[in-house]
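Accompanying notes for the structure given below.
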Amino acid sequence: MSKKLDEALSSSSRYNQSFALMFLDLDRFKNVNDTLGHNTGDLLLSKVAAWLQKCIRGTDTAARLGSDEYAILLPAISRESAQRIAEQVEPILERTGLSPEWLTIEITESMTADAAHALQILDRLRSIGIQVSIDDFGTDYSSFSYLSRFPITKLKIDQSFVRDLTENRQAIVKAIIDLAQNLNLKVIAEGVESNEQAELLLALNCTEAQGYLYAKPFSPEEIEKRLSKC
């Protein structure tokens with residue numbers, strides 16, 4: 001995925017081509033593992049990956065980034081085409097039988113380039129129950145404008161604040177958590193790699209987290225190996 005993204009950035013600069021990068025994760029996926037077992041969870045992830053692959057073009061790339069996160073790179077694509085692919089998420093939900101609230105669309109600063117268009121898409125996704133998350137919150141000043149302009153349901157605290165939880169950074173993280181709670185938003189800490197970080201975040205009232213402490217990204221071969229044991 002990293003190599004493909006570099007190629008897309010290079011083509012965009014050289015030929016003035018637009019491209020899209022979408023991030024998706026399955027909300028409450030932990031509940032599937034806890035109630036139905038990890039084998040069932042792995043099967044679900046494999047099914048979702050297969051359906052995502054069917055929704056994109058041969059030149060596009062879909063990859064699993066983490067335990068329940070996916071990225072889709074759409075090089076040389078128009079805004080309208082990217083929107084059509086995003087809307088195909090709905091049929092995926094119908095095929096998997098998943099409740100829409102289990103799926104989260106992550107947005108970043110780049111979406112502010114055309115806020116009106118982004119708002120139209122996000123409002124439609126929220127209307128069917130899909131969650132909307134701000135990724136890497138706290139790393140850019142415009143993040144605060146998202147809170148008032150887009151139908152946000154959760155914030156993801158950037159791992160740069162979590163990596164070294166000094167006293168000052170703990171104060172920043174606590175401020176983000178308090179802000180989210182006052183706005184009735186959920187909070188997820190990114191990049192948690194140690195029990196100490198997890199305990200500090202829990203003490204700050206952050207009850208959801210992701211990172212290597214819980215699971216590392218799986219390669220397609222590792223997923224296939226795990227599924228073969230089912």
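What you see is a predicted model, and the numbers here were worked out from it, not measured in a lab.
Between Pro151 and Val132, the closest heavy-atom pair is O-CB, 3.5 Å. Nearest heavy atoms, Ile157 versus Val173: CD1-CG1, 3.9 Å.
Take Asp178 and apply the salt bridge (Lys or Arg N to Asp or Glu O under 4.0 Å) test, not counting sequence neighbours, and it matches Lys174. In this structure, the side-chain contact (heavy atoms from CB on, under 4.5 Å) partners of Glu208, at least two apart in sequence or on a different chain, are Lys186, Ile188. Residues passing the side chain to side chain donor-acceptor pair (under 3.5 Å) test with Gln210 are Glu69, Lys156, sequence neighbours excluded. By the side chain to side chain donor-acceptor pair (under 3.5 Å) test, Ser133 is found to be paired with no residue, residues two or more places apart in sequence or in another chain being considered. Under the side-chain contact (heavy atoms from CB on, under 4.5 Å) criterion, Leu179 pairs with Phe137, Phe144, Leu147, Leu183, sequence neighbours left out.
Once rounded to the nearest 0.5 Å, the distance linking CG of Leu125 with CD1 of Ile130 reads 4.5 Å. Between Thr153 atom OG1 and Leu185 atom CG the span is 7.5 Å, to the nearest 0.5 Å. Here the straight-line distance linking atom CZ of Arg126 with atom CD1 of Ile105 works out to 11.5 Å at 0.5 Å rounding. With values rounded to the nearest 0.5 angstrom, Ile128 atom CD1 is found 8.5 Å from Leu103 atom CG. With values rounded to the nearest 0.5 angstrom, Ile134 atom CD1 is found 4.0 Å from Ile152 atom CD1. Note that CG of Leu213 and CD of Glu196 are 11.5 Å apart. Values are rounded to the nearest 0.5 Å.
Across Leu122, Ile121, Asp135, a single residue satisfies side-chain contact (heavy atoms from CB on, under 4.5 Å) together with Ile107, and that is Leu122.
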N/O donor to acceptor pairs below 3.5 angstrom from side-chain atoms of residues 161-172, sequence neighbours left out:
| from | atom 1 | to | atom 2 | distance (Å) |
| --- | --- | --- | --- | --- |
| Thr166 | OG1 | Arg169 | N | 3.3 |
| Arg169 | NH1 | Ser160 | O | 2.8 |
| Gln170 | NE2 | Leu165 | O | 3.0 |

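In the hydrophobic clustering of this structure, Met22 groups with Leu119; members are Ile, Leu, Val, Met, Phe, Trp, Tyr whose side-chain heavy atoms approach within less than 4.5 Å, directly or through other members.
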